[in-house]
Amino acid sequence: MQSPVQLDLPQERDVVEVLLDAHIEARQIAAMAESLSSGSATSGARETATTISDHVEWMLPMHCDDEELSLAPRLAGRHHVVDDAITQMKLQHLSLEAPLARVRLLCLILSRDISRLHALRFELGAAAKDLRERLAAHHAFEESIIFPALKRLLYVDELQSILGEMKARRLGVAA
């Protein structure tokens, strides 16, 4: 199945840069949803709703897999603080599922019928604000413990393997 979102990983970037880019994109998506909630029901707004819905459906779960399937197993057992952080990261991922699903559903509805924006604007605004705040806390946590641990605790070949898995994961979705 072809994904409607960009799946390529930038060339010559290290794993942490790619992960940080994914965090920036997620924050942009939450901001777009907040902005959509206060906008007008135009064809551009419908396209924005589609972009948000697609990103939440495809890219955010893939990023979560990057962290849980590629990073966590390699970091596990290397330091007790990192082990605790991995557990916390996974719990945070679980706690993000409902807010992500809520924003995705609302944007999916709007992508199919933007005339419903007026009726859904307050619900979308609240959902997007909640998601933005949760993402900010989650990203700050990962960026302060998990991401620095990658470069401190893993060898270059392990980091390259992670990047290779991330690329393969995206190729699997694009196929």
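Bear in mind the structure is a predicted one, so any value in this text is a computation, not a measurement.
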Distance-only criterion, 3.5 Å: show the donor-acceptor pairs between side-chain atoms of residues 32-40 and protein atoms not counting sequence neighbours.
| residue | atom | partner | partner atom | Å |
| --- | --- | --- | --- | --- |
| Glu34 | OE1 | Arg132 | NE | 2.4 |
| Glu34 | OE2 | Arg132 | NH2 | 3.4 |
| Ser37 | OG | Glu34 | O | 2.6 |
| Ser38 | OG | Ser35 | O | 3.1 |

Restricting to side-chain hydrogen bond (donor to acceptor under 3.5 Å, both in side chains), what partner residues turn up for [X], sequence neighbours left out?
X	answer
Asp130	Arg134
Arg152	none
Lys151	Asp14
Asp84	none

If you measure only the distance, is there a donor-acceptor pair under 3.5 Å linking the side chains of Arg112 and Thr50? no
Taking His138 as the fixed residue, which of Gln92, Glu143, Glu133 is the one that meets the side chain to side chain donor-acceptor pair (under 3.5 Å) rule? Gln92
Heavy atoms of Leu150 and Leu159 approach each other most closely as O-CD2, 3.8 Å
What heavy-atom pair brings Ala26 and Leu60 nearest, and what distance separates the two atoms? CB-CD2, 3.6 Å
Using ring centroids (six-membered ring only for Trp), state whether Phe147 and His23 fall under 6.0 Å. yes
Under a 3.5 Å distance rule, please check whether Asp83 uses its side chain to pair with a backbone N or O of Gly77 as donor and acceptor. yes
Would you find a donor on one side and an acceptor on the other, under 3.5 Å apart, between the side chain of Ser161 and the backbone of Asp157? yes
Would Leu69 and Arg169 satisfy side-chain contact (heavy atoms from CB on, under 4.5 Å), going step by step from the backbone distance to the final call? CA-CA 10 Å; Leu69 302 177; Arg169 200 169 280 122; 3.7 Å; yes
Do the charged groups of [X] and [Y] touch, with an N to O distance under 4.0 Å?
X	Y	answer
Asp66	Arg170	yes
Glu165	Arg74	yes
Arg78	Glu158	yes

Residue set satisfying salt bridge (Lys or Arg N to Asp or Glu O under 4.0 Å) with Glu68, at least two apart, ordered chain then number -> none
With a 4.5 Å cut-off on side-chain heavy atoms, are Ile24 and Asp21 touching? yes
Neighbour count >12 (heavy atoms, 6.0 Å) for atom CZ, Phe122: no
Evaluate side chain to side chain donor-acceptor pair (under 3.5 Å) for His63 paired with Glu67, printing each intermediate quantity in order. CA-CA 6 Å; His63 174 72; Glu67 294 175 345; 2.7 Å; yes
